[in-house]
Amino acid sequence: MLQKVSLGIKDIDKYRLLLGGDLIDEIEAIAHDLKDIRICHINSTPFGGGVAELLFSYIPLVRSLGIHADWQVIRGDQRFFTITKSLHNALQGAEYHLLEQQTKNIYLGNNQKNAQELDNNYDVFIINDPQPAALRHFCQEGNAKWIWRCHIDSSDPDEETWQFLRPYIEEHDAAIFTMDKFVPPDLKCSRIAAIPPAIDALSTKNMHLPKAEVCRTMIDNYGLDRNRPLVIQVSRFDRWKDPFGVIEVYKLVREKVSGIQMALIGSLAGDDPEGWDLYAAIHEEADKYEDVHIFSNLQGVGNMEVNAFQRASDVVIQKSIREGFGLVVAEALWKETPVVAGNVGGIPMQMVGSLSNYLVDTIEECAEKVVYLLEHKEVAEELGKEGMAHIKNNFLTPRLIRDELSLIRELVGA
Ligand code: UDP
């Protein structure tokens, strides 16, 4: 059997206070039509990265609607996850020439084995990202509906990789992308939807924490100076997140802002073997500067600590080069912390209006915007407020649940 992630139930009604009743009423009406339906999300890691983050909140909230929802995680060895990380990178546009027959066999063999071990007693499967994308091919029995959910920017994929994966994806009944422009033009799937992800405002990662006491004390505990400006980036150690670019930004900002401190907060995920090498390389670079710090789950940085760091920072950077959505942008804005971020993928939809002035293409531009916000506290404060309102209106989990359950209702004809 595949690992089922052990989760409870989380009352979606608590969102009524925050979002008003209409959306929750609408969701409950959809859920009523789906009450006998069994839904299962499948991905490749129970921790680390945006998909795990999403499912951790999404499943318990859906359960509170009376729907049977589970989350199963596929297994694989190091070779499989090295290949799937390359497939992930290739879907985001990196060239990938290693798609030899042996590589394909390892990918397909692992999917086949996982398909045999899958608890298939569900009406709807939602398959997240490329790692389990061939499961459906090996699970032909039953009447379940299958949805492929793509979390990455697949608008310009490596052609060979895409043509390898495309037939497996096309066996699904529907495909969900974060935005229309991520849909590769030759994908033939009877239902294609654009549904952006969302963050759970009530989770440990995003719940309110008193800034003056809790957050600043946490900062002290990590050896930072609460009286000096702090800029952070929170990301997996991944080259698409441009960690070395962030250190370059630090070097430029410190010429203008004395006492600036920078922290790169990262996590290492089970399905990301590349992350460990990158972690070592980033550490080596960061160690050259007294005020550049690296913190990770290895030092106990969990959801609460990320929450505190996002609240205590003067500016959050997300200098991505490619980005599916970038939950971290929504997380920081939700906390009214201003964000300077790469103008890529799903980030611009989170930074509209004045926020869009802080979308950047280069290290220099990024440093310039960070300096501006550090020197103009009132602008930073306004930006944070605008960001919070935008996230509240568009990117909280109930909206995601409504959109996905509506699609499921359509597919199962309930
Ligand atoms: N995250 C975390 N600790 C870390 C680094 C990241 O909890 O040290 C979380 C972060 O808060 C966010 C998720 O991992 O919820 C990353 O999601 P995002 O969509 O930004 O990027 P992805 O990793 O999916 O590319």
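Indexing begins at 1, ligand by ligand and atom by atom, following the structure's order.
Only the side chain of Val306 comes within contact range of ligand 1, with a heavy atom under 4.0 Å; no backbone atom does.
Near Glu331, meaning under 4.0 Å from one of its heavy atoms, ligand 1 places the atoms 10 (C), 11 (O), 12 (C), 15 (O). Interface atoms of ligand 1 facing Arg236, defined by a heavy-atom separation under 4.0 Å, are 22 (P), 23 (O), 25 (O). Residue Val328 approaches ligand 1 through these ligand atoms, each under 4.0 Å from one of its heavy atoms: 10 (C), 11 (O), 12 (C), 20 (O). Interface of Gly326 with ligand 1, defined as ligand atoms under 4.0 Å from a residue heavy atom, comprises 19 (O), 20 (O). Every atom of ligand 1 is numbered from 1 in the order shown, and the set under 4.0 Å from a heavy atom of Glu53 is 15 (O).
For ligand 1, the polar-atom distance check finds an N/O of Gly50 within less than 3.5 Å of one of the ligand's N/O atoms. Looking at Val51 next to ligand 1, no N or O pair under 3.5 Å apart turns up.
Proximity of Val246 to Met262: side-chain heavy atoms (C-beta onward) are separated by under 4.5 Å at one or more points. Side-chain atoms of Leu65 and Glu28, non-hydrogen and from C-beta on, do get closer than 4.5 Å to each other. Side-chain contact check for Pro196 versus Met349: some heavy-atom pair is nearer than 4.5 Å. At least one side-chain heavy atom of Tyr358 sits less than 4.5 Å from a side-chain heavy atom of Leu373. Contact check for Tyr96 versus Ile83: side-chain heavy atoms found under the 4.5 Å cut-off.
In this structure, Asn297 falls outside the shell of residues with a heavy atom less than 4.0 angstrom from ligand 1. Residue contacts with ligand 1: Ser296 is excluded, as none of its non-hydrogen atoms falls under 4.0 Å.
Every residue meeting the salt bridge (charged side-chain N to carboxylate O under 4.0 Å, His left out) condition with Arg226, not counting sequence neighbours, appears here in chain and number order: Asp220.
Of the candidates Lys241, His88, Glu323, Lys241 brings a heavy atom nearest to atom 25 (O) of ligand 1. Considering Val234, Val329, Asp129 only, the shortest heavy-atom separation from atom 6 (C) of ligand 1 involves Val234.
Scanning the protein for heavy atoms near atom 20 (O) of ligand 1, the closest one is Leu327 N, 3.1 Å. Taking atom 9 (C) of ligand 1 as the reference point, the nearest protein heavy-atom neighbour is Lys205 NZ, 3.5 Å.
Proximity of the aromatic rings of His172 and Phe125 is defined here by a centroid distance below 6.0 angstrom, and this criterion is not met. Taking the six-membered ring for Trp and the full ring otherwise, Phe47 and Phe56 have centroids separated by 6.0 Å or more.
With respect to Asn206, the side chain to side chain donor-acceptor pair (under 3.5 Å) criterion is satisfied by exactly one of Gln310, Lys335, Glu331: Lys335.
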